[in-house]
**Q** 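The structure's right below; bear with me while I get my questions together.
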Amino acid sequence: MALKALDIYKLLPKKNCKECGDPTCLTFAMKLAGGKADVDLCPYLDDEAKSVLGATTRPPIRLVKVGVGERSFAVGEEFVLYRHEKTFYHPPGIIFKVLDTQTEEEIAAVVKRVRDESFTRVGTDLRFNGIAIENVSGSAELFAKAVGTVENNADLPPILMAKSTEALTAALVHCGSYRPLIHAATKENYKDMCALAKQHGCPLVIRSSSLDDLVSLAKDCNAGGVKNLVLDLAPASLRDFIIGSTTVRQLAITRAVPDLGYPVFLDTTVTGLEDAALTLGIVKYASVIVTNPLSPASTKAALTLRQNIYTDPQKPIQMNPGLYRIGSPGKDAPVLMTVNFSLTFFTLEGYLESSRIPCFMLIVDTEGLSVLTAVAAGKLSETLVRDSIKKFAVEEEVSHRKLIIPGYASPLSGRIEEATGWKVLVGPRDAAEIGEYLHEEWKQ
Ligand code: SF4
């Protein structure tokens, strides 16, 4: 059972020395209670207190990092079963698979696709995360060569999928220092796999269709010094996967079986129903998902779904406040002010683009609230507009002093005029009418 902040505080040394990075022991205790800090940060805790606190305050699912550098990704550290209870924090890595029997050109083409392809949605660049190389040839030499080809073409997190430690040893020569994920340790080979993972400081997948076996493998690997684990439930069907991944999530977040508190791995390529498996994996707790390279349609669907599921439902999606250009606006172009609620931004942006009138969008920070809500909540005010005009140097961009505000912000028009000295024009309430409005009303 999780400890409350005050119970945790009682176990702390209460030196208030700030060495943990927190100003007081109490704030550190509050962080521990929320699973947002590690007991190891306090150097004055004795082993007994550490083990009591560690068991209850560490995130119920361990954070596991794969790869190094800009494209590395972290999975795990989740706290809830349902997204609406709080949020999901770490989106699954979607990994394209190549085989060591493919030609260099074929492998390089897949790697370059993962390296370069990106799809922008609601202001975020969505990308795939890495490359899994599978040793289907059975040859250590071919496997190492395929891994070398991947490494020569991009710095992407690698996943090494091989049964033989000889093949993995040969491949780790190319990427051992880039924190690849090794797949997979089983009851039969875990000692050798652990030795490799420990030697290179890599995370390790443990694989079994039995949860009891996974628990004992996790214990053995931990004892062998490998703590960054990922669970492959070896599902025989999609039904098996949902049952297994949901059970693991439940047992982990309730801390009923702490040894299952690791991210989950899913290889969709063996299911025969790849798109369905990918969808289920994103929705139902897979953290590392291996797939064959996706078609353009499946790419958009998968990346959009992942973005939607891993967006915090408690926070409106926000745009960065600033001055945005539609087309190539000149000094006489209209300036339209609106809020930083992303749906407002993208709706208005779409209508402005189709109006073909170059203009500026001045996006002010209403903490992601829509126009109507921001006006009602007092988040959209004349001072915010005045300060935003100054902050984003709007006066240097245009020669006029006219500001178009959203129809729903009309109650503020007089106050904005007074505060800014700009003439305020009240635009339509419906963004769909903005093109017609500009064509009729915008005159310099
Ligand atoms: Fe308190 Fe330990 Fe943090 Fe020092 S390091 S402030 S003793 S919790």
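Numbering of ligands and ligand atoms starts at 1, following listing order. Throughout, numbering of the chain's residues begins at 1 and tracks the sequence.
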**Q** Using a distance-only test with no angle check, is there a side-chain donor-acceptor pair under 3.5 angstrom linking N153 and R115?
**A**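 There is no such pair between these side chains.
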**Q** With sequence neighbours excluded, give me every ring pair (Phe, Tyr, Trp, His ring centres under 6.0 Å) pair touching residues 10-57.
**A**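 Of all non-adjacent pairs touching residues 10-57, none passes ring pair (Phe, Tyr, Trp, His ring centres under 6.0 Å).
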**Q** Looking at K379 and E367, does any basic side-chain N land under 4.0 Å from a carboxylate oxygen?
**A**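 E367 and K379: salt-bridged.
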**Q** Find out whether the Lys NZ or Arg CZ of R249 is both under 6.0 angstrom from the six-membered ring centre of F88 and within 45° of the ring's axis.
**A**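 Ring-cation test returns yes.
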**Q** State whether Y9 and K14 meet the cation-pi test: NZ (Lys) or CZ (Arg) under 6.0 Å from the six-membered ring centroid, and within 45° of the perpendicular axis.
**A**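 The answer is yes, since K14 meets both limits relative to Y9.
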**Q** Taking NZ, NE, NH1 and NH2 as the nitrogens, is one of them in K31 or D22 under 4.0 Å from a carboxylate oxygen of the other?
**A**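 Yes, K31 and D22 are salt-bridged.
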**Q** Return all protein N, O or S atoms below 2.8 Å from atom 3 (Fe) of ligand 1, chain by chain in residue order.
**A**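 As for protein N, O or S atoms lying under 2.8 Å from atom 3 (Fe) of ligand 1, they are C20 SG.
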